[in-house]
Amino acid sequence: MEAIEYTTPKTIAEAVQAMASAGDRARALAGGTDLLVQLRGGRRSADLVVDVKDIPELNEVSYNPQSGLTIGAAAPCYQIYANADVAANYPGLVDSASLIGSIQIQGRASLGGNLCNSAPSADAIPPMIAMGGVANIAGPNGTRQVAVEDFCTGPGRNVLESGELLVSINIPAPAPNSGANYLRFIPRNEMDIAVAGVGSAVVLDSSGQNFVSARIALASVAPTPVFAREAGDSLAGKAVSDESIEEAARLAMEAAVPITDMRGTVRQRIHLVGVLTRRTLNNAIRRARGEE
Amino acid sequence: MPGLVHVSTTINGNPTDFLCEPRQSLLEVLRDVLGMTGTKEGCNDGNCGACTVVLDGRIVTSCLVLGVEAQGKEVSTIEGVASPEGLHPVQLAFLENAALQCGICTPGFIVASKALLDREPDADEGRIRHWLAGNLCRCTGYDKIVRAVLDAEDKMKA
């Protein structure tokens with residue numbers, strides 16, 4: 001690895017100042033499970049590494065029944081799945097946090113880092129999109145909010161401007177009779193990158209028999225995570241049935257624009273989007289009905 | 001050219017100070033600065049788990065931690081697993097079950113296995129295999145390792 005400077009700001013203001021001082025040559029460090037590999041391999045370079053783990057807001061994992069869940073950008077995966085409020089209210093998020101990398105990686109890697117790394121295959125991003133997550137960003141010109149589905153702009157690229165920092169992600173409080181699920185396909189049991197992944201979130205009516213609304217997002221089938229808006233919208237007001245779910249799966253497949261690479265082909269990935277959309281919708285429906 | 005940084009940390013219960021460059025990983029610091037070569041370098045990109053250590057109570061791959069990040073933290077390595085009285089039950093079980101061949105992955109497996117049994121003394125085989133998915137072994141085929149961890153679990157409960 002090339003020589004770097006390292007700093008540990010204690011406040012968001014100090015972190016923004018540090019990030020701005022080095023401009024494009026600064027990188028924020030949370031768990032380091034992507035950044036340190038990239039710096040060592042020469043895929044990214046930096047003069048200044050800003051370790052954000054001493055900033056209280058970036059470590060926060062807090063739930064409020066009105067405002068929802070706030071996930072500090074540096075909170076590691078294990079703090080997501082070990083948190084009783086998250087487990088009770090956001091099992092769709094636990095799906096992702098508990099399958100990213102190994103136990104060792106989950107001890108360091110954060111959902112915020114997963115978002116900022118902006119890989120098309122990121123496992124944490126589809127469920128955050130499906131659940132309506134919003135990214136809270138701080139920068140030299142103040143703070144701003146960006147919907148998670150608008151955050152990534154290309155492989156490894158996102159809306160963060162020079163000097164800006166992801167502070168946290170807010171996930172709205174779950175509506176009554178709602179549920180979410182994330183599944184990915186990998187050829188191994190663990191420790192692999194998604195060939196395709198789907199996150200689905202549904203809100204049902206009080207009978208549990210009709211969709212109020214739904215959101216579906218896809219991984220590994222485009223240059224960025226995909227918000228398959230039409231697929232989710234097609235379910236609004238429909239009865240829960242094989243036909244309505246099949247139509248949503250068809251629209252999700254239409255939203256996928258994958259490439260063929262060493263992990264899978266275009267045809268396989270589009271097929272997987274259909275399968276995983278059906279499965280995640282059915283799992284989300286079961287959770288919405290309180291059946292699991 | 002950044003200079004050396006003074007880091008104060010605790011390693012295997014001992015207050016430890018060292019100097020390192022910010023770019024150096026905790027793994028490099030352990031091996032090359034502190035001479036603690038029990039922790040092994042395998043892939044150096046977080047896939048193989050050979051460099052597993054415990055950092056503030058969680059297992060991590062020390063190749064993906066900067067040495068400077070150890071400031072004020074507690075680090076436990078393979079060197080801290082045995083006690084003056086003898087080997088840890090996990091170490092004995094690895095020996096008795098022949099759960100190693102070339103041995104490069106073994107320190108990482110032992111640190112990870114001990115961390116699991118400290119936390120979940122009743123972990124079943126499925127849980128053990130899942131927990132150890134981040135540790136790769138190219139010799140044993142894993143069965144002997146899993147049997148050793150189950151054996152250690154029995155002995156630690158006895």
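Order of the sequence lines sets the chain letters (A, B, ...), proteins ahead of strands, with each chain counted from 1. Hydrogens, waters and symmetry mates are skipped; everything else that's a heavy atom, side chains included, is used.
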For A/Tyr78, does the six-membered ring have the charged nitrogen or CZ of B/Arg58 within the cation-pi criterion, i.e. under 6.0 angstrom from the centroid and within 45° of the normal?
yes
For B/Asp56, which atoms come within 4.5 Å of any heavy atom of chain A: side chain, backbone, both, or neither?
neither
Hey, can you tell me if A/Tyr90 and A/Tyr63 have their rings parallel, tilted or perpendicular (30° and 60° cut-offs)?
perpendicular
Counting heavy-atom pairs under 4.5 Å with chain A, the top scorer among B/Leu116, B/Val65, B/Thr61, B/Leu132 is B/Val65
Please tell me if the side chains of A/Leu93 and A/Ile71 come closer than 4.5 Å, counting only heavy atoms from C-beta onward.
yes
Examine whether an atom of B/Glu69 lies under 4.5 Å from a heavy atom of chain A, and if so say whether it belongs to the side chain, the backbone or both; otherwise answer neither.
both
Chain B contact via A/Leu29 - which portion, at a heavy-atom distance below 4.5 Å:
side chain
Looking at B/Asp122 and B/Lys157, does any basic side-chain N land under 4.0 Å from a carboxylate oxygen?
yes
If we ignore hydrogens and angles and just use 3.5 Å, is the side chain of B/Asn135 paired with the main-chain N or O of B/Gly108 as donor and acceptor?
yes
Quick one: what part of A/Gln106 sits under 4.5 Å from any heavy atom of chain B, side chain, backbone, both or neither?
neither
Structural part of A/Met1 lying under 4.5 Å from a heavy atom of chain B:
both
For each of A/Arg108, A/Met191, A/Arg188, A/Glu190, tally heavy-atom pairs with chain B at distances under 4.5 Å, and name the one with the top tally.
A/Arg108
Less than 4.5 Å apart, side chain to side chain, heavy atoms only: is that true for B/Val68 and B/Val29?
no
